[in-house]
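First the structure, in the form of structure tokens, and then the observations on it.
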Amino acid sequence: MSTHCESVTGGIKIAIDRGGTFTDCIGSHPERDDVVIKLLSVDPANYDDAPREAIRRVLEIYTGEKIGRDEKLDTSLIESIRMGTTVATNALLERKGQRCAMITTKGFGDCLIIGNQSRPKIFDIAIRKPEVLYQKVVEIDERVTLEDYTEHPKKFRTEDVSTDNDLVIGLSGEVIRIIKRPELSAIEGKLRKLYEEGFRSIAVCLVHSYTFPDHEKLIGEIAQKIGFKHISLSSQLMPMIKLVPRATSATADAYLTPEIKKYIDGFQKGFAGGLGTASAMKGAGARCEFMQSDGGLVDVDSFSGLRAILSGPAGGVVGYALTSYDPKTKIPVIGFDMGGTSTDVSRYGEGRYEHVFETTTAGVTIQSPQLDINTVAAGGGSQLFWRNGLFVVGPDSAAAHPGPACYRKGGPLTVTDANLYLGRLLPEFFPKIFGPHENEALDESASKILFAELTEKINAEIAPAKTMSTDEVAYGFIKVANETMIRPIRTLTEAKGYDTSTHRLATFGGAGGQHAVAIAEALGISQILVHKYSSVLSAYGMALADVVQEVQEPSSIAFTPESQHSFLERFAELRKKAAASLYDQGFSDEQCEFELYLNMRYQGTESALMIIKPDVDWNFKAPFIAQHLQEFGFVLPNRDIIVDDIRVRGIGKSFRSIEKTVDDQLNELTATTLIDERKSVMIKSIYFEGGRVDTPIYKIEDLSVGSKIPGPAILADGTQTIVVPPNSSAVLINTHVIINIGDDEAKKSISTQQVDPITLSIFGHRFMAIAEQMGRALQKTSVSTNVKERLDYSCALFDANGGLVANAPHLPVHLGSMSTAVRMQAEMWKGKLKKGDVIVSNHPTTGGTHLPDITVITPAFHGDKIVFYVASRAHHADIGGILPGSMPPNSRELYQEGAAILGEKLVSEGRFNEERITQLLLDEPAKFPGCSGTRCLPDNINDLKAQVAANQKGINLIDSLIDEYTEEVVQFYMVAIQENAELSVRNLLKEVSKKFEGKILKAVDYMDDGSPIYLSIEINADEGTAVFDFTGTGPEMYGNMNAPEAVTFSAIIYCLRCMITEDIPLNQGCLRPVTVIIPKDSFLSPSAAAAVVGGNVLTSQRITDVIFHAFEACAASQGDCNNLTFGIGGKNQETGEQIRGWGYYETIAGGSGAGPTWHGTSGVHTHMTNTRITDAEIFERRYPVLLREFSIRKGSGGKGQHRGGDGVVRDIEFRVPVQCSILSERRVYHPYGLAGGEDASCGLNLWIRNIDDGKGGNVERKINLGGKNTASMQTGERVIICTPGGGGWGAVHLDEEIQAGKVDPRSSWRGQGTAANYAAVQESAS
């Protein structure tokens, strides 16, 4: 802070970051030193508004005059105010936004309740989905659709719209058919009713309004006339395809923007003179700009809730990007912002910000440009637990109250306590704000007592030879916390094709300096940058940021030399709009820059990439192909490249002081001065790897530029503590502390004599991260909708014997079955495999589930020995058989379901055997009567290559792990992690036996044909083992409900994991305490030729229901996947000709079962499936269909003390003739209730036929299709799937409502950014 006494009379620039706990403020003036202010964000005893109070203090310092807290602040002293605020974020987190209503198309009023139909957490049987933001929904009777569809075999496009008054060209260039125009009087009546009910804010989102906004605009005009104060039109906010994210974004804007405006109005009242560009340009006020989620500033009058959600964190990204990245050396930077409750990670490279356009915050999926900031629930306040032999950090947080144990409020042990106990956090440099009078230091004794108690507990449970000291326990938790934070960084970088070791790490935030070196070392990063303003870097970022104006339009045109001119014209128009907005804010041409983007993808895929215009020409194709290859690992040279969006980012360049880059300063640093301990302010005993070391503590302000401090050391000032471990050193330059990490190539020395619980916890993270990265690679490199969009795949890591080590939480039905496949293939190919070989299989007798699920297995060699396996299983949209989609409801024999592969080499010593796999998929199935080969061979080949690539990703990652730890250690902990999971299941079984007093657990349920599944479970309470006996189950069926044995194992491992409420490693160890008896020749152990396609998706659900019934865990869920397929093409049975066509497959949500303490959830996938549904607008763009309705089937859940969830209604009209098939269950036997709760409604499948009425017209007739059927449906005919609900729990007369306060709404939320979205992807699969 400056001590200069001369007052200033104007020109003060102020930048503020209003965070959840602290508000940071930086004041600057060209003739004075910067002023830094840090104060509590909420302190009602002293001030009403923290940002205004910060400005008051800055003005006092610069003017030298006392300013009263009640005085209005003089804006003539201020040149500009820039601010990031958590107002919108807090309103969203606390659900305290404006009461609002949503207006949408008839039939879609429940679209946000259903969402993408997946459940947030795959193992939670008490499913909690994020609540919607609106209080009421109104449906408008209007409808438009797209006339053409992209899956047309001949790529037909309507060219002439002049002959049909119902056809128009949309903004995207797509032809729109207007089916129903809205009636103005009906709209006005509904809106007036809303207004009379007190609503003043509405969100409007109609189907296909991204390209045809006319009906939305009409509603907006009527609402404006009525007097609504805020109207959010989705077509204006973000005109991008996808109904659900666009509707969520519109409701978020209607919910948050009024709160933003209310805050701004109150803020402005504290100033004499106006705030904003208009006032400043009249000379009657100061510029006032707010940071948006995309890293750009916007004028106060244009700040909206939708763009404000990441306002504060965005400032931090701008801060480190502009202070840590050098455009000359181009070294990319990873941002690491570790706070109290969470940690934000991000990346900056190539000289521009990384944006995402769809991300989820506080359970709300937003479609809007946002910086790719990834939040993980691990921070200083993360709680520490010892569970089932593992060290666990978070996600529970001590929060601000009571806070960590050392905060003197009786809080729990946290990461902060671990750092304090180990000496890495210094009470001498921490504010004395604790205790009853808020004047005491951190309480070291509280942390010490709790760590001593925890250490005693841990030592009582582990082997005597492995007892741990309290230091080792505390440090173990630090290491596990670090691994938790490293996982999203790996996802953010490696999954996008970047090498973390080529980056620098920029650390900021309160706790970052204590963990930065360990994080960097684990990522292979050798240099860390800590800015002098690291503790207030978000505020500093506001000062450096630019004003941004984004404009965007949809498109659907292929990028070709012929279409290039039309893109130039549209760019010119959008650039004019962006420029006009910047001119209005006072920017000249010289201050304006424009970034031009096309959002591009290959035809038939949905993975679009935002491509910036090349410097030299307008050829966007080349950089698209290069980026696609880097990020996805493949290109599709024979496919059109489609442009989905045209975007212009107008940038008003702000004045900023020219600060030399880090590299410039390092180059100018001719010599460094080695600092010894005599300059330290104290020596403290600090724990590092291996033991405590007497460590010098330095004040940063005592050190000069060029000072070099060898580790171990701690550098500290009033706002930050930087730990410099041994083998590292710190160098001071003008703007940063730079930490260089020494080279230590020695492999980590870890004993394999005893299991170390800390190392075991870390390996648990590492093994799971490998499986997750494999899944990410598979999703990104695949081509088919089934894998890339529906996420119907699983990836896993296995030991040398085929035992499951780690299975990312993809598909529950694959959890145990893939291990069977790997073990059987390992035995079949024993001694016959070489390096570079890859095996492919899908046969039920060799560990398959059903034929569309193809498993690809890759052995990893060390010398001539196989040391582990990796495998990926993906559902292929078609592999032949009697019907398109290879999910025939009427199959009787296995051959009718498509290609059946016992085990073949897909790759031989690195060579992909395309000829053989083509024979297996295309030629072999067509040899059987009535059957066709695959109808989409190119997609099959591409997805198999993606599976091979995903497996190779896994092998490379494990090779890196072996390089880091040695093969012996990795193999040792592959076994140990399975033993740990075994312990968890044994403990569960002991608890269950105690609950049921040693009784044998029994249950029975029935398939719709009456076939029973009997189960008795006998538990040995002493050993924690159980026998699952399915004796009495019905015989093999002459149908396709037969389930290979592997399916039963999957159901058991899934159910056991659900009933263990804590996170445990999911691996082969879960099944070791379990003996399974399945009678041979039952439909749970069918013969080799038996049809099985329904067993995987339907019988698996009934097995799950029976297991949960036996344990009395919950009422039955819908017990179904509602498998719907339709399509055209395949083999002409008369001519043998292969007709090109297309196929579509989806599974449809239903209701979940209620439980002892929860209601069931409506419109959600349950148990063995968790697939996402294709968004309505994507659905109609790709296929010749009209989605008439997708809604909650109200009242279909079972009644009870706790109600079962309702199913859904899905009504699809076909616009061309198709073959449509439904494969479903629970159409006869109801989903059961428990503990007196009522059963749920069965499902119902209807065919709405157009029957000739004999008078030259048609009449509609409803026909019940039954549970399993196929039909040739004609143009205009419909299929309506009404899915089952979930059973109720407890007698209805008890009528006890669950109080909302008992359930933390955050339990269904995830972190922020692509890494968090990918975590959701991991758990969203079929």
Side-chain angles (χ1 to χ4, degrees), residues 13 15 79-84 238 276-277 280-281 287-304 306-308 310-311 313-327 330 346-357 368-373 538 540-553 570-599 610-615 618 620 623 645-659 661:
K13 296 179 180 178
E79 181 177 325
S80 67
I81 298 171
R82 294 174 160 197
M83 190 153 76
M238 199 63 189
T277 301
M281 292 179 74
R287 292 183 70 101
C288 183
E289 293 145 347
F290 278 79
M291 176 60 75
Q292 300 183 110
S293 301
D294 64 358
L297 296 164
V298 68
D299 186 69
V300 61
D301 294 329
S302 302
F303 192 43
S304 73
L306 182 63
R307 301 280 178 110
L310 295 182
S311 178
V317 175
V318 174
Y320 85 76
L322 296 181
T323 60
S324 301
Y325 180 80
D326 189 326
K330 295 183 168 60
S346 54
R347 179 185 181 274
Y348 185 83
E350 295 77 50
R352 58 181 179 271
Y353 300 107
E354 296 191 358
H355 289 108
V356 289
F357 295 84
S368 176
Q370 299 183 52
L371 293 174
D372 192 2
I373 300 170
S538 289
Y540 193 58
M542 313 289 171
L544 302 178
D546 296 316
V547 173
V548 167
Q549 180 63 41
E550 290 252 7
V551 283
Q552 183 170 316
E553 283 185 355
R570 294 182 70 177
F571 270 132
E573 286 301 312
L574 293 176
R575 181 170 170 153
K576 278 183 189 174
K577 290 180 182 177
S581 176
L582 292 174
Y583 296 156
D584 289 344
Q585 295 178 64
F587 291 95
S588 64
D589 280 331
E590 293 74 25
Q591 293 173 299
C592 294
E593 293 181 2
F594 299 92
E595 294 177 350
L596 312 182
Y597 295 88
L598 292 180
N599 199 26
M610 194 66 74
I611 305 299
I612 193 169
K613 178 190 171 299
D615 293 333
W618 292 86
F620 284 79
D645 302 281
I646 304 164
R647 172 184 169 223
V648 172
R649 183 174 171 88
I651 302 169
K653 304 299 287 185
S654 304
F655 171 81
R656 65 171 69 105
S657 60
I658 305 302
E659 190 178 86
T661 68

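These numbers come from a predicted model, not from an experiment.
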> Testing Lys653, Arg82, Arg352, Arg649 for salt bridge (Lys or Arg N to Asp or Glu O under 4.0 Å) with Asp546, which one passes?
Replying inline: Lys653
> Looking only at atom types and distance, does a side-chain atom of Ser293 sit under 3.5 Å from a main-chain N or O of Leu310, one as donor and one as acceptor?
Replying inline: yes
> Roughly how far, to the nearest 0.5 Å, is the OG atom of Ser311 from the CE atom of Met83?
Replying inline: 8.0 Å
> Applying the side-chain contact (heavy atoms from CB on, under 4.5 Å) test to Lys613, which of Trp618, Phe594, Tyr597 qualifies?
Replying inline: Trp618
>> Are Met291 and Val318 packed together at the side-chain level, in the sense that at least one heavy-atom pair is separated by less than 4.5 angstrom?
In response: yes
> Are the side chain of Tyr348 and the backbone N or O of Gly351 linked by a donor-acceptor pair below 3.5 Å?
Replying inline: yes
>> Working to the nearest 0.5 angstrom, can you tell me the gap between Cys288 SG and Asp299 CG?
In response: 7.5 Å
>> Contact between Met238 and Gln552 at the side-chain level, heavy atoms closer than 4.5 Å - yes or no?
In response: yes
>> To the nearest 0.5 Å, what is the distance between CD1 on Ile651 and CG on Leu297?
In response: 11.5 Å
>> Strictly distance-based, threshold 3.5 Å: is any side-chain N or O of Ser346 a donor or acceptor partner for the main-chain N or O of Asp372?
In response: no
> When rounded to the nearest 0.5 angstrom, what distance separates CD in Glu595 from CD in Glu550?
Replying inline: 8.5 Å
>> I'd like to check Thr323 versus Tyr540 (side-chain heavy atoms, cut-off strictly below 4.5 Å). Are they in contact?
In response: yes
> Is any side-chain heavy atom of Gln370 closer than 4.5 Å to a side-chain heavy atom of Phe357?
Replying inline: no
> Would a 4.5 Å heavy-atom cut-off, applied to side chains only, mark Leu371 and His355 as touching?
Replying inline: yes
> What's the shortest heavy-atom distance between Val648 and Ala578, and which atoms?
Replying inline: CG1-CB, 4.2 Å
> Any idea which heavy atoms bring Ala545 and Gly295 closest together, and the distance?
Replying inline: CB-O, 4.3 Å
>> Between Tyr325 and Thr661, does the side chain to side chain contact (heavy atoms under 4.5 Å, CB included) criterion hold? Intermediate values first, please.
In response: CA-CA 7 Å; Tyr325 180 80; Thr661 68; over 6 Å; no
> Any side-chain heavy-atom pair from Phe571 and Leu598 closer than 4.5 angstrom?
Replying inline: yes
>> If I take atom CD1 from residue Ile373 and atom CD from residue Glu354, how far apart are they, to the nearest 0.5 angstrom?
In response: 11.5 Å
>> So, taking the atom named CZ in Phe620 and the one named CG in Asn599, what distance separates them when rounded to the nearest 0.5 Å?
In response: 11.5 Å
> Do Pro369 and Arg307 come close enough that some side-chain heavy atom pair is under 4.5 Å?
Replying inline: yes
> Between Met542 and Gly315, which heavy-atom pair has the shortest distance, and what is it?
Replying inline: CE-CA, 3.8 Å
>> Out of the candidates Arg575, Arg570, Lys576, only one should pair with Glu573 under the salt bridge (Lys or Arg N to Asp or Glu O under 4.0 Å) rule; please name it.
In response: Lys576
